[in-house]
**Q** 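Got a structure for you, questions after.
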Amino acid sequence: MSDDIIGGIMATAGREPGRTAIIDGRGREISYGELARRVEAVRTAMTGRPRSGPAPRYGPVPNEDSRSREKDRGPVDGQTGTEDRGSTGDRPHARDQGGTGDRDGTGGRDGTEDRDGTGDRDGTEDQSHARDQGGTGDRDGTDGGLRPGDGVLFAVRPGVDAVVLALGAVAAGGTLVLADPGLAPEVLGARMTATRPRWVVAESLLYTLSGPLKGLARRRGLLLPNLRDPLPGQPVRHLYTGPWLPGVPRAALRLSRILRSPGDNAPKKPAPSPDTPDTLDPTAPDATSTTGPDMSGAGAPDISEISADQPAAVIFTSGTTARPRGVVHTRGSLAAGLALFRSAFPLGPGDVVHTDQLMLGLPALLAGATWSLPGDGDPAEEMAARGATHTFAVPVHLDRLLRRTPRLPETLRYLLLGAAPAPPAVLRRAIEAGPEVLSVYAMTEALPIAIASAREKLAQAEGDLLGAPLPGVGVRIADDGELFVSGPHLARRYLGEDPLEEIATGDLVRIEEGRLVLLGRKKDMILRDGVNIYPGLYEPAVAALPGVAEAAIVGLADPETGDEEVVLAVIPAGGYDEGLLRKALPAIIDAAALPDRIEPLDAFPRSGRADKLDRAALRDLVTRRA
């Protein structure tokens with residue numbers, strides 16, 4: 001496998017161009033050859049120049065039989081996640097109705113036509129692109145071409161467009177900066193200052209919601225950076241997907257036009273960019289590293305000419321304004337992480353991976369499998385219809401699914417759980433649902449670290465079994481029990497900081513027979529009567545007792561002594577009896593850690609996309625009930 005994420009996917013496309021790469025949320029398919037063509041088209045448009053050397057070949061032009069099959073399945077229209085679903089969303093362009101533009105398979109056949117019907121009728125789209133096609137690319141004040149290390153503010157919801165745009169931007173040498181909706185304006189501002197994006201890649205709807213309709217969006221809790229001008233004084237170029245809408249800059253490149261004629265929208269002779277400290281993480285030696293020709297020279301680098309040490313994405317893990325904590329992953333570190341996923345379970349051609357998670361979908365593409373993107377239907381029915389063999393779920397979401405659908409499709413061989421600990425009751429139902437159930441232990445800085453089967457976790461007497469470290473993952477346990485991790489999949493650095501050699505996980509663990517066992521989070525450790533209490537050591541065992549659906553242990557500090565009251569919060573299940581629970585606790589909880597109080601709750605407070613347990617909110621909740 002390639003040590004570069006882009007090179008690996010392109011190599012797969014070169015081997016089997018006709019194989020289905022992605023099925024979108026509406027069941028439409030795109031081949032590996034078409035995926036590679038679209039990624040290359042985006043790369044060309046963003047760098048401002050075609051590839052140096054001969055164009056890549058990803059197999060022959062589809063014959064009439066294959067075109068017929070593609071038509072029957074329904075074309076991917078290049079607007080996944082952003083297409084209009086109203087009266088104008090599916091009307092073909094007037095010029096396409098005449099039968100032109102489709103003969104070469106790039107117009108109506110791959111879905112890149114203007115399905116929204118807004119592209120040219122009001123004249124705005126042609127005017128904006130006429131400027132770009134003129135070759136200057138400087139109307140917006142930028143130099144016209146992306147340079148390795150430039151930040152790319154990315155705001156596209158999961159779908160085919162998101163995959164194509166993300167891979168294309170990284171192939172061009174850009175570093176994705178994910179626009180996280182819902183953050184306070186000052187936090188967003190701090191992140192933009194830290195990353196200084198030179199490009200914005202976004203859905204047209206989000207331009208509208210961050211511009212003309214930002215008041216409406218904020219009233220509904222959606223906070224976005226100003227996509228037209230994310231950092232005042234820093235010129236940016238724009239690339240958008242979806243129909244043209246108010247708020248989209250007039251000089252913005254449109255994805256559907258790029259895909260129709262790759263390179264036509266790119267400036268032909270962008271001016272060389274002066275060396276400035278404005279690229280992402282300017283102090284990092286890898287921010288501008290490339291083994292290909294200088295970006296200011298005559299030829300753009302081939303995909304293979306961008307170093308695996310090139311930053312590919314920055315993911316923020318902290319919401320602080322003074323010093324945003326951005327995790328910088330390189331193309332190489334992401335590829336290493338994807339290889340670890342593939343080493344943990346069989347994955348190859350013929351498999352169908354049903355997920356919206358990049359870190360499971362990308363290994364599917366590297367392995368030559370099919371990435372199936374969820375739609376709006378019932379997940380179990382979608383997986384059955386597409387013959388899914390692998391899927392990923394967050395425990396709380398899986399719990400809801402299994403309560404509706406106790407048996408999952410027979411084709412499903414592997415069910416991966418992650419993002420939060422899974423209660424024993426959920427693990428048991430997952431096993432009964434049919435597939436092999438694996439729990440992934442990972443963190444943003446190191447994806448993944450260890451994987452354990454659900455059966456192994458249920459058999460663990462104390463603590464939460466994480467599994468043996470995956471091949472190549474280094475682990476070190478500090479004197480206080482905190483786990484430190486290293487390896488080729490480790491993020492290169494935190495934004496603006498020195499390169500990482502290892503990362504502190506914040507988790508307290510011990511090693512049993514070569515396997516990691518989680519005792520709890522370092523910050524969640526409870527101190528009572530001079531004894532350290534680790535909630536994670538006992539919570540799985542309590543949650544496995546009859547009448548208990550979930551359990552969590554928190555400490556409430558006495559403001560005068562600092563000593564903590566130990567509170568066991570539980571979500572009751574059928575047959576819950578607090579008296580019986582109290583009698584059962586001494587057999588599974590050390591005497592020094594027995595709770596002072598038990599609080600039954602209807603539900604636990606959760607936060608984030610993964611609905612993780614919010615322990616701070618839980619402390620507040622049981623404090624109010626005291």
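Everything quoted here is computed from the prediction, not taken from an experiment.
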**Q** Check whether any side-chain heavy atom of Leu581 lies under 4.5 Å from a side-chain heavy atom of Tyr576, and answer yes or no.
**A**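 Yes, side chains in contact.
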
**Q** If you draw the axis of the six-membered ring of Tyr494, does the NZ or CZ of Arg325 fall within 45° of it and under 6.0 Å from the ring centre?
**A**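 Relative to the ring axis of Tyr494, which defines the angle, Arg325 lies inside both limits.
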
**Q** Applying ring pair (Phe, Tyr, Trp, His ring centres under 6.0 Å), can you list everything that pairs with His489, at least two apart in sequence or on another chain?
**A** none

**Q** For a quick test of reading the model, state the closest non-hydrogen atom pair linking Thr241 to Val156 and the distance between them.
**A** CG2-CG1, 4.3 Å

**Q** Under 3.5 Å, is there a donor-acceptor pair between the side chain of Asp590 and the main chain of Ala593?
**A**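 Not a single qualifying donor-acceptor pair exists.
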
**Q** Answer yes or no: is there a donor N or O on one side and an acceptor on the other, between the side chain of Tyr32 and the main chain of Leu365, under 3.5 Å?
**A** yes

**Q** Any donor and acceptor pair, going by atom type alone, linking the side chain of Ser486 with main-chain N or O of Glu501 inside 3.5 Å?
**A** no

**Q** Within the side chain of Glu382, is there an N or O that forms a donor-acceptor pair under 3.5 Å with the backbone of Gly375?
**A** yes

**Q** If we only count heavy atoms from C-beta on, is the Arg342 to Leu366 side-chain gap below 4.5 Å?
**A** yes

**Q** Looking at OG1 of Thr405 and CZ of Arg400, how far apart are the two atoms once the value is rounded to the nearest 0.5 Å?
**A**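 Taking OG1 in Thr405 and CZ in Arg400, the distance rounds to 14.0 Å.
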
**Q** Just say parallel, tilted or perpendicular for the rings of Tyr414 and His390, cut-offs at 30° and 60°.
**A** parallel

**Q** Can you measure from CG (Leu518) to CG (Leu466) and round to the nearest 0.5 angstrom?
**A**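 Answer rounded to 0.5 Å: 5.0 Å.
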
**Q** Considering residues at least two apart in sequence or located in another chain, which fulfil the side chain to side chain contact (heavy atoms under 4.5 Å, CB included) criterion with Asp356?
**A** Pro158, Pro374

**Q** Heavy atoms only: give me the nearest Pro600-Glu578 pair and the separation to one decimal.
**A**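 Closest pair (atom of Pro600, atom of Glu578, distance): CD-OE1, 4.4 Å.
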
**Q** Quick check: are there more than 12 heavy atoms from other residues, nucleotides or ligands sitting under 6.0 Å from CZ of Arg582?
**A**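 Yes, the 6.0 Å shell around CZ holds more than 12 heavy atoms from other groups.
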
**Q** Kindly compute the distance separating CZ (Arg515) from CD (Glu456), expressed to the nearest 0.5 Å.
**A** 5.5 Å

**Q** Report yes or no: does Glu445 contribute a side-chain atom to a donor-acceptor pair with the main-chain N or O of Val327 at less than 3.5 Å?
**A**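 Not a single qualifying donor-acceptor pair exists.
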
**Q** Show the nearest heavy-atom pair for residues Ile533 and Tyr538, with the distance to one decimal.
**A**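 Ile533 and Tyr538 have their closest heavy atoms at CG2-CE1, 4.3 Å.
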
**Q** If you measure from CG on Leu621 to CZ on Arg615, what distance do you get to the nearest 0.5 Å?
**A**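 It comes to 14.0 Å.
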
**Q** Between the main-chain N or O of Leu527 and the side-chain N or O of Glu564, is there a donor-acceptor pair closer than 3.5 Å?
**A** yes

**Q** To the nearest 0.5 Å, what is the distance between CG (Leu483) and CG (Asp507)?
**A** 7.0 Å

**Q** Of the non-hydrogen atoms in Thr355 and Trp371, which two are nearest, and what is the gap between them?
**A**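 Distance-wise, the nearest heavy atoms are O-NE1, 2.7 Å.
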
**Q** Tell me, with the steps shown, if Arg606 and Asp614 meet side-chain contact (heavy atoms from CB on, under 4.5 Å).
**A** CA-CA 5 Å; Arg606 300 186 181 279; Asp614 188 334; 5.7 Å; no

**Q** Is a donor on one side and an acceptor on the other found under 3.5 Å between the side chain of Glu482 and the backbone of Gly506?
**A** yes

**Q** With a 4.5 Å limit on heavy-atom distance, are the side chains of Tyr441 and Thr505 in contact?
**A** yes

**Q** Who pairs with Ala551 by side chain to side chain contact (heavy atoms under 4.5 Å, CB included), at least two apart in sequence or on another chain?
**A** Val542, Ala543, Val548, Leu568, Val570

**Q** Which pair of non-hydrogen atoms, one from Arg386 and one from Ser372, has the smallest distance, and what is that distance?
**A** NH1-OG, 2.7 Å

**Q** Hey, does the side chain of Lys522 reach the backbone of Leu508 with a donor-acceptor pair shorter than 3.5 angstrom?
**A**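 Checked: no pair found.
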
**Q** Checking the side chain of Arg407 only, and the main-chain atoms of Glu432 only, is there a donor and an acceptor separated by less than 3.5 Å?
**A**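 Present.
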
**Q** Any donor-acceptor pair under 3.5 Å linking the side chain of His329 with the backbone of Thr444?
**A** yes

**Q** Check Val170 against Ala312 and note the closest heavy-atom contact, atom names and distance.
**A** CG2-O, 3.6 Å

**Q** Kindly indicate whether the side chain of Pro535, heavy atoms from C-beta on, has any atom under 4.5 Å from the side chain of Val554.
**A** no

**Q** So do the side chains of Leu360 and Leu416 get within less than 4.5 Å of each other, counting heavy atoms only?
**A** yes

